[in-house]
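The structure under discussion appears below in the form of structure tokens.
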There are 2 protein chains.
Amino acid sequence: MVRATAADVAREAGVSQPTVSRVFSGASVSEDKVKRVRNAAEKLDYRPNALARSLITGRSRTIGLVVAYFENPFYAEALEQFSTELKKRGYALLLFLATNDKEDADSLVQDLIDRQVDGVVLASISLSGELTQKLRQLHIPLVLFNRGTMDSSISAVTSANVDGAAQVTDYLLDTGHKRIAHIAGWSGSSTGRDRRLGFETAMAARAVTPHAIIEANYFRESAMQACRALVPGDIKQAGTNQTINENSDYEKPDAIFVGNDYMAFAVLDCLRSETNLEVPEDISVVGYDDVLMAAWPAINLTTFRQPARRMVDRTLDVLFELIESTDVDVQHHQIAGELIVRGSSCDRSC
Amino acid sequence: MVRATAADVAREAGVSQPTVSRVFSGASVSEDKVKRVRNAAEKLDYRPNALARSLITGRSRTIGLVVAYFENPFYAEALEQFSTELKKRGYALLLFLATNDKEDADSLVQDLIDRQVDGVVLASISLSGELTQKLRQLHIPLVLFNRGTMDSSISAVTSANVDGAAQVTDYLLDTGHKRIAHIAGWSGSSTGRDRRLGFETAMAARAVTPHAIIEANYFRESAMQACRALVPGDIKQAGTNQTINENSDYEKPDAIFVGNDYMAFAVLDCLRSETNLEVPEDISVVGYDDVLMAAWPAINLTTFRQPARRMVDRTLDVLFELIESTDVDVQHHQIAGELIVRGSSCDRSC
DNA sequence: TTGAAAGCGCTAACAT
DNA sequence: ATGTTAGCGCTTTCAA
């Protein structure tokens, strides 16, 4: 047995095939025929073929999502929200995970184009001008999620990264920290650059020199290396519990502001397992994102909340506005967040 | 400017439209015409419309994946692997996250059917007999991932849960634990039931009575409650650091085997933040899955490795066998895992 | 190998 | 409101 078609149902119900179509797409049909069609459809277990429908309408009710850095739990949380919201709106989700930064976003998006998605969301990844152009020509809306862009013709939703990072920095300064280091995210990303900028700006405004700025690239291992580089004298020597700290006069930072929570977890791990330093007594650690794990008692990370849900909702609002209206209206949204103080930082001023 | 069609390319290249189709679907065409068609296609920026192709071939080169319990990082890891492997095989991924257990898998799968997916994978969720039937009628292969089934006509890939749980239990017994409790996963899931069965069987084989078995449902909060129920006398009283342990003679477990890592993280958190008990000195904690986080120094969880990559690969092998061959060959695969001993457990026998 | 013709299952345009 | 006709962009006969 194969799939019943609208024609089969039409025959069974004694109506024309387009009438069947009308019933299932909500056009006006007399009550009598609606009933006959529904009965016949039920009997034959008919459901409209979404592909055929899409072919002709040009709308697939599918959106494509490309996500990079999926090891960062922030994106898992965002994905969950994307999925939920899209389902609410009657859309399906075609997902590509860019497995590394060398991955060519262009080819993934081309694949999405081939499959006629109605819109594209790129999470923490961006596109060549060529592909952007192509999407525009085909009137396929594109919104960047958690990635800004110089190209003012592309819509993007981010959190207010510069401001957020500045708030974190002000908090650390206000609580008496003197030697604040920053482990920055990848400088090829707007989040990495903006958070660093916020940090530098806030420091400069208070005339404090950063203790150090080390660029990591949002990977766990890079963050661990950066952490080791910040506290070289406190790294335990192999097999012992000793550090070379005592007889050296290097100054370690009294706070590390890390470019995202995922890297901050690595920093906490590094400090706890490879040094004798206590967090927050010896050193404060602050992250960015406020992923769910950050609130777990064992982690308890002070961080800046980047509201994934609101960012996702806004992203889809923008995307669907673009889908539904023809006139172009590019939007750059910055969602405000808030500082969440937990146990990985403390007040040194008293 | 709109999308060029095969007819446009044909006109440009001076060939018939089916010839263009042949070039792009790899049928035999003379070298000369191949070249002309490719040039014309390049010039017009033509790409075949995947929808139109799917409509006629009946194959969309898309597979549908439904995932439940996505808050468990095991599924994020699996999803990453699914995405990577499917891309290698030239397939796209249509994703639905079932947001809770009340979510109706049937309706999600029906949506997948409407969109003509070539195959369906259900991760930690199962389907009504009715929908299973429907998929079979339509010749859409279905494989369950990390979920067993009584229905022997459905293919499923799981890890060897009974055996794995027994290995964990034997390890705890071998290392001198006397009062072993089990926080079980949801009894409505095969993983929950099988791991519990492995625990009970291994305990019985050594004639040891379980200290307690509490069923949680794979949620973090349930695991915390279960943990509190296991060590009631050690829970710190509000605002103090005191427990009612001293003057009560309740016996607490010396080990807790938790139904998965995600819940084990909650148990560790509960013990560390709500009691004065030390892990592993006072109590050993063992999980199941070996998600990446389990190896983080701050967590350092003894667990049983359920090899996500191999499970995913096997799942897709089975799925594509079913897609490519018409003759039904149902397969139930159980992937072996291994015990990973880390710092959340210790040897009490010496 | 190649073109002409047919048709996948549906929606849209146009009568009535 | 509803049937007839046309056609979305492609693959697949069928001849030549």
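Values reported hereafter were calculated over all heavy atoms of this structure, with side chains retained and with hydrogens, waters and symmetry mates removed. Quick note on labels: first sequence line is chain A, next is B, and so on, each numbered from 1.
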For atom CZ of A:Arg11 and atom P of C:dG9, their distance in whole Å: 11 Å
Atom-to-atom span, CZ of A:Arg61 to P of C:dT11 - whole angstrom: 13 Å
Minimum-distance nucleotide (side-chain atoms of A:Ser28 versus D:dG3, C:dG3, D:dA1): D:dA1
Quick one: are B:Phe96 and B:Leu65 in side-chain contact, heavy atoms under 4.5 Å? no
Quick one: sort the A:Phe74 and A:Phe145 rings into parallel, tilted or perpendicular, breaks at 30° and 60°. parallel
Does C:dT2 have OP1 or OP2 sitting under 4.0 Å from an N or O in the side chain of B:Lys33? yes
If the threshold is 4.0 Å, N to carboxylate O, is there a salt bridge linking A:Asp118 and A:Arg61? no
Pairing of B:Asp8 and B:Arg11 as salt bridge, 4.0 angstrom limit: yes
If I compare all heavy atoms of B:Leu322 with all of B:Ser155, which pair ends up nearest, and what's the gap? CD1-OG, 3.9 Å
Going 5' to 3' along nucleotides 9-16 of chain D, which nucleotides have protein heavy atoms under 4.0 Å from the base (write B), which only from the sugar-phosphate (write S), and which from neither (write -)? BBBBB---
CZ on B:Phe82 to OG1 on B:Thr315, rounded to 0.5 Å: 4.5 Å
